[in-house]
**Student:** 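What follows is a structure written as structure tokens; I'll ask about it next.
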Amino acid sequence: MDLAAGASQKMASQTSPFLYPGSVSKTNSLSIVHLKRDLQLPTILKDHDEDNEGYSEGKVVNTRFGSFPHTTLIGLPWGSQVRASIVDTGSRGRRDKQDEKKRKREEADAEEHANKTRKLEDGNDDEASTPGAAKDEKEAVAAASGFIHLLPPTPENWTSSLPHRTQVVYTPDYSYILHRIRARPGTNIIEAGAGSGSFTHASARAVFSGMAREEANGSATKKRKLGKVWSFEFHEQRHEKLQLELQEHGLEGLVQVTHRDVCEEGFLVDGASPGADAVFLDLPAPWLALPHLSRSTPPPPKLRPSAPGTPGDTNGTMELATPQLWISPLNPTAPVHICTFSPCIEQVQRTVSVMRRLGWVDIEMVEISQKRFEIRRDRIGIENGAQRGLLTTPANVDEALARLVEVEGTFKSFHENGEKVEVKKKDKSNPNNREKILESLVDNKVYKEGNLTHKSEPEVKTHTSYLVFAVLPPEWSEEDEKRARRTWDIKIRVEEEKPAEMVAPTSKRQMKKAARLAQKEKYAAAASATGGSGCKGEEGNTLKQNQKDVEVED
């Protein structure tokens, strides 16, 4: 059974802004309000204030840089800079919700009573109703200062702005993980330990291979493998919140979240196999889930306490669980790549030990350390010290020497003449006023002056994590070996052995070896003619010595 069937119908019902954000922001769609680096707010844009928060401008986003009505954010190109608006953020623009509900209820009762009276007077039996008047919303007025940038929803922006329910997997980690586990369009990925959904959104974008196109008669134009993420979360509240977020983001057809403890119950969904090509485990004890990630060998039998009063009751002792039919959650025809995410080295050691026993190969541990550099253009020196935010220390040796000569000259004149020398003051007018800025835009462009400087951030905004990668190759049976030999026949070349006298020597080494062999045969024949080793006298000693010399040369 293919569990990915029907994903196209679900995905077609709602286009996800993570997959197709478009060129402009839209109503009832997710957008990211960028305040500054590492400070972003996810917002679903609304053209009307459905919650009736009391603002005359409609739905409003309040930030440290000002208030931004949703009407000023809808329809803008992504990346636009939006100025804050003047809205009433105090209690004057709000009403007590209880009093407002009471007032609405009284007005509705009075209107219903008037409609009934009018209907009885007119003698009309048709039901009459008067629609309520829509609330008039006034146009927002731009404020003098404060702005934000409007960004499209991406997995990177979502990781920086999502509500943290657990420790999340940050962008440097999951980008490397998706690369190592070979995540690409059409891949099925198992994710255990969804948490806040950071890796879930990133993997959904990685495996997305487009929506299934259908012809007029309903048949698919081209059979294409649709990727999917099979996510598992054991915490019920986190599972419900993640499922609601995926529905709001339009990813429910691409990601299926299951509430389960995979260490005990495995990775099957409705009794069927996900056919996973890659696995990511973000669990406290990943070695407990590894036995469920095998191809054909069932996990070791589990022990469970026998129920009291049953025929197998042994006063609470343990008995073997009943074995069931084993179904592998992995793809049986391709190698499966896995990654485990662990914060402690002891977890890594135990995970690697279990991997080796279960047949995983190419086991490797990696630690990613992120360091971000900030690059900016600064104008450093005495000449530019009048500007705000610039360093007033000398930029080079010439400026330092000039300043030293000036100080020494003033000191010398004071002691010789007894009067303080008046130093000509430099023009310290504000270079950031409107006239100076307009002049710089035409003449010398102040923002391009100065030297580029860089510095690393003081502390790394991430957490320590050890990534363990491994590969589980496909099983190779005798039938596979026979099928491979039939497909790729192995031809072994066998050379016929020729008699020694038929092989002519071709090199000096071979000629010397042939001469020694002939001489050895000659001495052996002479020895046998004279009685072998039993010969005596000088002739026998000479024969033995020559035979030994030939053996030494060999």
Side-chain angles (χ1 to χ4, degrees), residues 1 3 165-167 169 181 188-197 199-200 203 228-243 255-308 310 312-332 336-344 346-360 466 468 470 472:
M1 177 181 178
L3 293 178
R165 297 182 288 270
T166 58
Q167 188 71 34
V169 182
I181 64 177
N188 290 330
I189 295 181
I190 286 180
E191 177 200 13
S196 300
F199 184 84
T200 307
S203 57
K228 195 166 184 180
V229 179
W230 306 92
S231 183
F232 298 88
E233 176 59 46
F234 81 100
H235 195 273
E236 186 176 0
Q237 285 75 17
R238 290 199 293 263
H239 165 261
E240 294 176 355
K241 292 181 180 179
L242 179 59
Q243 196 169 20
V255 181
Q256 182 170 345
V257 187
T258 304
H259 175 225
R260 179 185 302 170
D261 184 4
V262 295
C263 296
E264 295 291 337
E265 303 177 15
F267 298 90
L268 301 183
V269 180
D270 297 331
S273 172
D277 305 297
V279 181
F280 175 66
L281 302 180
D282 187 5
L283 304 173
W287 57 88
L288 298 179
L290 287 176
H292 300 280
L293 296 172
S294 59
R295 298 188 183 276
S296 61
T297 305
K302 302 177 182 178
L303 297 177
R304 63 183 181 188
S306 58
T310 58
D313 182 14
T314 55
N315 296 327
T317 57
M318 308 299 284
E319 62 179 3
L320 287 177
T322 304
Q324 298 179 355
L325 179 62
W326 172 251
I327 301 177
S328 175
L330 306 179
N331 186 355
V336 176
H337 296 78
I338 191 174
C339 174
T340 63
F341 187 92
S342 302
C344 301
E346 292 79 10
Q347 296 172 321
V348 172
Q349 293 174 349
R350 193 161 183 180
T351 301
V352 171
S353 299
V354 175
M355 281 182 173
R356 289 172 177 170
R357 292 199 299 266
L358 296 178
W360 293 84
Y466 301 106
V468 179
L472 184 64

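Note that the structure is predicted; figures quoted are calculated from it, not measured.
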**Student:** Specify the closest pair of heavy atoms between I327 and S273, including all atoms of both residues, with the distance to one decimal.
**Tutor:** CG2-CB, 4.0 Å
**Student:** For a quick test of reading the model, state the closest non-hydrogen atom pair linking F267 to A289 and the distance between them.
**Tutor:** CE1-O, 3.7 Å
**Student:** Quick check: do Q256 and V269 have side-chain heavy atoms less than 4.5 Å from each other?
**Tutor:** yes
**Student:** So do S342 and V348 actually touch side chain to side chain, heavy atoms under 4.5 Å?
**Tutor:** yes
**Student:** Should H292 and V262 count as side-chain neighbours, where that means a heavy-atom distance under 4.5 Å?
**Tutor:** no
**Student:** Roughly how far apart are C344 SG and Q349 CD, rounded to 0.5 Å?
**Tutor:** 10.5 Å
**Student:** Would you confirm whether R260, through its side chain, and L268, through its main-chain N or O, come within 3.5 Å as a donor-acceptor pair?
**Tutor:** yes
**Student:** Search all heavy atoms of T166 against all heavy atoms of G195 and return the closest pair with its distance.
**Tutor:** OG1-CA, 3.4 Å
**Student:** Can you tell me how far apart OG1 (T351) and OH (Y466) are? Round to the nearest 0.5 Å.
**Tutor:** 13.0 Å
**Student:** Calculate, to the nearest 0.5 Å, the distance between atoms NE2 and CG belonging to H259 and L242 respectively.
**Tutor:** 12.0 Å
**Student:** Let me confirm one number: the CD-CD distance from E240 to E236, rounded to the nearest 0.5 Å.
**Tutor:** 5.0 Å
**Student:** Would you say I338 and L290 make side-chain contact, with heavy atoms under 4.5 Å?
**Tutor:** yes
**Student:** Find out whether V336 and R295 are in side-chain contact, i.e. whether some heavy atom of one side chain is under 4.5 Å from a heavy atom of the other.
**Tutor:** yes
**Student:** Rounded to the nearest 0.5 Å, how far does CZ of R238 lie from CD of E233?
**Tutor:** 4.5 Å
**Student:** Is any side-chain heavy atom of W287 closer than 4.5 Å to a side-chain heavy atom of M355?
**Tutor:** no
**Student:** Can you see which heavy atom on L293 is nearest to which on P329, and at what distance?
**Tutor:** CD2-CG, 4.1 Å
**Student:** Within a strict 4.5 Å, meaning less than it, do heavy atoms of the E191 and V255 side chains meet?
**Tutor:** no
**Student:** Which residue is it: D261, V257, L281, T258? I am looking for the one with a side chain to side chain contact (heavy atoms under 4.5 Å, CB included) to F232.
**Tutor:** T258
**Student:** Quick check for you: to the nearest 0.5 Å, what is the distance between S203 atom OG and N188 atom CG?
**Tutor:** 11.5 Å
**Student:** With a 4.5 Å heavy-atom cut-off, do I181 and V279 have their side chains touching?
**Tutor:** no
